[in-house]
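First the structure, in the form of structure tokens, and then the observations on it.
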2 protein chains.
Amino acid sequence: MRADIITIGDEILIGQVIDTNSAWLATELNKVGFSVRQITSITDTPEHITNAVEDSMKESDLVIVTGGLGPTNDDRTKQTLAKLFNTTIALHKPTLDTIKTFLDGRKMPLNSNNFGQALQPVGAVILENTEGTAPGILFERDNTIVVSMPGVPHEMKAITTNKVIPFIKNKFNTVPIINRTVLTQGIAEAVLAETLEEWEESIPDYISLAYLPKPGMVRLRLSARGDSSPYINAEIEMLIDKLYSIIPDAIFGQEDDSLQSVIGEILAKKGLAIATAESCTGGRIASFITQIPGASKYFKGTVVAYSNEIKENILKVKKSTIDNNGAVSEPVVREMIKGICDIMDTDIAIATSGIAGPDGGTPDKPVGTTWIAIGNKNIQIVRCFCFGSDREKNMIRATQTALNMLRIFLEKSDCNYR
Amino acid sequence: MRADIITIGDEILIGQVIDTNSAWLATELNKVGFSVRQITSITDTPEHITNAVEDSMKESDLVIVTGGLGPTNDDRTKQTLAKLFNTTIALHKPTLDTIKTFLDGRKMPLNSNNFGQALQPVGAVILENTEGTAPGILFERDNTIVVSMPGVPHEMKAITTNKVIPFIKNKFNTVPIINRTVLTQGIAEAVLAETLEEWEESIPDYISLAYLPKPGMVRLRLSARGDSSPYINAEIEMLIDKLYSIIPDAIFGQEDDSLQSVIGEILAKKGLAIATAESCTGGRIASFITQIPGASKYFKGTVVAYSNEIKENILKVKKSTIDNNGAVSEPVVREMIKGICDIMDTDIAIATSGIAGPDGGTPDKPVGTTWIAIGNKNIQIVRCFCFGSDREKNMIRATQTALNMLRIFLEKSDCNYR
């Protein structure tokens with residue numbers, strides 16, 4: 001089963017609003033077996049609305065239109081759709097009652113705009129809106145369904161969940177689409193593709209693979225329809241198992257995991273306390289770790305030592321170590337680890353020192369050079385990376401890389417740290 | 001002049017990724033006088049790509065296609081467009097050189113996937129990508145331009161800014177749309193709209209106003225076409241001046257300013273050093289401050305004191321102060337300010353302590369309660385805020401609010417801090 005989504009209104013076309021409704025709708029439609037063929041944002045002229053809806057009706061079984069049903073005059077969707085389905089507009093008594101009840105609850109009077117919202121296309125199915133004054137409208141022609149809903153996200157979501165999804169589940173005999181996502185860190189997309197070439201060739205043709213890069217990570221998504229093979233779930237599971245055996249260190253989680261959530265779970269389970277000593281990452285590692293609710297169970301704190309003075313006075317990095325090696329060096333991140341574990345009394349720590357850019361690079365240590373250490377007073381794992389020339393990206397990559405180094409260390413070591 | 005934007009790739013259609021590229025592109029195209037007619041997200045089948053591009057070419061002068069140019073096998077855009085424009089693919093030597101230089105900088109070898117990216121449609125204009133390995137491609141037919149770019153946001157943005165915008169400005173004779181944006185912090189959108197009602201009524205009808213809320217700030221944008229009045233720039237300037245007189249403390253900058261860039265300039269100019277002592281913001285204030293290149297001139301460092309132990313041992317907050325008032329309290333943030341200025345030897349500091357949520361709230365101090373202090377050993381400005389129930393949003397609001405308090409303090413005080 002195929003669906004199209006059409007979004008009406010200028011605010012998306014002038015870049016003022018980012019269309020988050022469509023991603024939400026696509027996810028919900030996927031769950032009940034619809035694949036979304038096309039998402040279109042259009043202006044609110046009757047001609048553009050008519051053309052877009054007619055084009056989509058030719059290609060898909062379900063067309064969902066959002067926006068253009070508000071109480072103000074620039075909304076022409078309802079009239080245009082009524083004309084397209086050869087019907088007229090008339091008072092819809094149940095809608096008027098719902099609007100009255102809704103406004104009463106907010107102690108607001110009924111005005112003429114609201115009354116206009118109770119006028120609905122004759123013969124259409126009217127979908128009650130418990131969250132606002134404009135109901136959804138459902139039309140049907142030749143087994144194709146067109147649903148129109150207001151664009152306000154919580155109203156659209158309520159109508160979809162309560163009315164649209166039950167209707168289409170009942171109407172169409174659908175098979176859900178299965179999506180599984182594996183999250184990797186530390187291997188660039190092109191290298192990953194080369195490494196996985198053989199594995200990729202082993203994927204049966206009814207399962208599709210997509211590479212989805214994001215700053216500091218690449219996500220691998222396997223998709224299939226539930227009816228493509230009786231063993232589909234088992235087959236995807238086997239492919240993922242194989243993947244773990246090819247790139248064990250790079251995979252840090254699946255689906256909605258993040259490095260900080262995965263690390264949080266391990267630290268909480270092992271009862272370990274962590275701190276960070278950050279130079280070039282400027283507090284980003286701490287802010288990633290503290291995104292997780294309950295991080296205070298394992299995260300004690302951070303020293304951002306942006307100046308050498310702070311590295312020396314607070315983290316107790318020796319002046320001679322900095323003088324002899326520079327602040328961006330292996331000995332310095334080792335001493336930062338020892339210092340932060342000491343003053344924050346933690347089992348483990350992360351330390352970073354690098355040249356984020358755009359200035360400060362030298363031929364020996366170009367912009368992007370970053371030393372990262374993981375460990376404690378007894379043991380430190382230290383690595384040097386060459387990221388790129390973009391300051392913000394270098395900081396995010398250093399953060400993700402450090403968190404992944406920590407994850408690997410926590411998973412492999414026996415945790416007798418102190 | 002009209003433009004269409006087409007986004008290729010499953011990740012948007014299955015709801016995994018929200019399309020932020022199109023909003024950015026629409027804004028940039030507006031600036032040079034293009035209005036966006038339609039934004040379409042489609043699957044990566046050759047048929048769908050061909051149909052969508054052909055449909056858009058009938059309606060618009062410029063068609064921008066993003067996505068589907070990555071190094072992996074799920075990308076078919078380039079081949080499809082070459083066919084649509086009746087040309088073939090061949091090695092494009094300058095692209096190969098750019099890719100080699102790009103990979104050399106990252107100490108990565110050239111692989112066959114990268115080599116494939118150097119194959120380009122013959123006769124098309126190849127737009128160099130300084131941020132990645134897939135260049136942009138520009139086709140022209142009957143005065144209509146079709147541009148294809150990778151979907152990775154920073155690569156797409158670099159190619160658009162450096163290559164596409166200059167090309168279309170040169171090619172089409174457009175009247176730019178004038179956009180001026182004023183940035184405010186600390187007043188909620190609805191309250192701001194009420195405060196500015198009279199000012200809003202004084203705006204002439206050829207200048208339009210938009211409220212653009214973002215976490216922790218509201219942007220006010222005034223727009224007009226360059227040909228709508230000969231005095232357009234002067235009129236907008238007058239409106240902005242008036243705005244400053246109505247809400248002086250709330251306005252922290254214009255256009256691409258950020259609180260951290262504005263503060264950075266003031267601190268550098270006044271020769272002041274700053275540090276932060278963060279509890280509930282978990283390092284976010286430090287990471288905002290360090291986004292600015294050259295922040296090391298004025299930013300010394302941070303202690304994230306997530307546990308009370310760190311507040312006491314490192315920031316020297318008295319145990320009795322915490323015991324008597326709780327960690328989320330005015331006396332604690334005052335002592336955090338004194339402690340951090342002392343150990344980091346700075347002129348000024350920011351301190352935060354709050355309940356970010358979702359847990360940890362009490363009837364007295366519900367989730368969202370946040371104490372923020374600005375100052376040094378001699379003087380502290382302290383305020384308490386009640387943000388909302390969302391953890392991440394509370395952290396961002398606390399960060400923006402703290403930075404704006406600092407800005408107002410720096411602009412108003414005489415800077416004899418110590």
Side-chain angles (χ1 to χ4, degrees), chain A residues 12-20 23-27 30 36-43 179 188-191 193-194 209-213 221 223 282-284 286-287 290-291 293-294 296 299-307 309-310 314 343-344 357-359 386 388 390-393, chain B residues 10-20 23-24 26-27 30 36-43 70-72 74 105-108 111 113-114 133 152 154 210 212 282-284 286-287 290-291 293-296 299-307 309-310 314 343-344 357-359 391-392:
Chain A
I12 290 170
L13 296 175
I14 66 164
Q16 189 163 340
V17 163
I18 289 168
D19 173 24
T20 55
W24 185 87
L25 274 168
T27 309
N30 267 209
V36 175
R37 185 195 72 95
Q38 183 166 305
I39 298 169
T40 314
S41 289
I42 60 171
T43 59
N179 281 312
E189 185 186 357
V191 181
E194 215 169 49
L209 169 71
Y211 286 78
L212 309 171
R221 195 193 60 221
S223 310
R284 274 161 195 70
S287 62
T290 56
Q291 274 174 3
S296 56
F299 177 66
K300 281 201 174 177
T302 292
V303 170
V304 178
Y306 221 58
S307 76
E309 201 183 322
I310 307 297
I314 301 183
I343 65 171
M344 297 223 172
D359 303 318
C386 285
D390 181 279
R391 181 178 179 85
E392 187 60 28
K393 266 193 271 159
Chain B
D10 275 353
E11 58 276 30
I12 290 170
L13 297 174
I14 66 162
Q16 188 154 13
V17 164
I18 288 169
D19 173 23
T20 55
W24 184 87
T27 308
N30 268 208
V36 175
R37 186 195 72 96
Q38 183 166 307
I39 298 170
T40 315
S41 289
I42 60 172
T43 59
T72 46
D74 51 345
R106 278 158 186 73
K107 302 194 169 136
M108 288 160 67
N111 66 23
N113 279 323
N114 299 134
T133 49
V152 184
H154 72 274
L212 310 170
R284 272 161 196 73
S287 63
T290 56
Q291 275 175 1
S296 57
F299 177 66
K300 282 200 172 177
T302 292
V303 170
V304 178
Y306 221 57
S307 74
E309 201 183 322
I310 306 298
I314 301 183
I343 65 170
M344 297 224 171
D359 302 318
R391 181 179 179 84
E392 187 62 26

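Below, chain A is the first sequence line, B the second, and so on; all start at residue 1. Keep in mind that what you see is a predicted model, and the values were worked out from it rather than measured.
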What part of [X] lies closer than 4.5 angstrom to a heavy atom of chain B: side chain, backbone, both or neither?
X: A:D359; result: neither
X: A:I14; result: both
X: A:R391; result: side chain
X: A:L13; result: both

Pick whichever of [options] has the most heavy-atom pairs under 4.5 Å with chain B.
options: A:D19, A:T302, A:T27, A:D390; result: A:T302
options: A:A305, A:G388, A:A23; result: A:A23
options: A:G283, A:S223, A:G282, A:P213; result: A:G282
options: A:Q38, A:E309, A:E392, A:M344; result: A:Q38

Step by step, work out the side-chain contact (heavy atoms from CB on, under 4.5 Å) result for A:E189 and B:N113. CA-CA 10 Å; A:E189 185 186 357; B:N113 279 323; over 6 Å; no

Nearest heavy-atom pair of B:G15 and A:A26: which atoms, and what distance?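 Minimum heavy-atom contact is N-CB, 3.7 Å.
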
Ignoring hydrogens, what is the shortest heavy-atom contact between B:P358 and A:P293? Give both atom names and the distance.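 That closest heavy-atom pairing would be CD-CB, 3.3 Å.
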
Nearest-0.5 Å distance that lies between atom [atom1] in [X] and atom [atom2] in [Y]:
X: B:I343; Y: A:I314; atom1: CD1; atom2: CD1; value: 4.0 Å
X: A:K300; Y: B:S307; atom1: NZ; atom2: OG; value: 6.0 Å
X: B:T40; Y: A:I39; atom1: OG1; atom2: CD1; value: 10.0 Å
X: B:M108; Y: A:C386; atom1: CE; atom2: SG; value: 12.0 Å

Winner by heavy-atom pair count (cut-off under 4.5 Å) against chain A, out of B:G301, B:S287, B:A286: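 Winner by heavy-atom pair count: B:S287.
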
Option in B:V36, B:N111, B:I18, B:I42 with maximal non-hydrogen atom pairs under 4.5 Å from chain A: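 Sorted descending by pairs with chain A, the first entry is B:N111.
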
Is A:R37 reaching over with its side chain to a backbone N or O of B:T43, donor-acceptor style, under 3.5 angstrom?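 A pair under 3.5 Å: no.
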
Heavy-atom distance under 4.5 Å to chain A: side chain of B:A210, backbone, both or neither?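 Both parts, heavy atoms under 4.5 Å.
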
Is B:I310 close to chain A through its backbone or its side chain, or both, or neither, when contacts mean heavy atoms under 4.5 Å?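 Answer is side chain: those atoms of B:I310 sit under 4.5 Å from chain A.
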
For B:V17 and A:L212, run side-chain contact (heavy atoms from CB on, under 4.5 Å): C-alpha distance rounded to whole Å, both residues' side-chain angles, the deciding distance at 0.1 Å, then the answer. CA-CA 9 Å; B:V17 164; A:L212 309 171; 5.5 Å; no

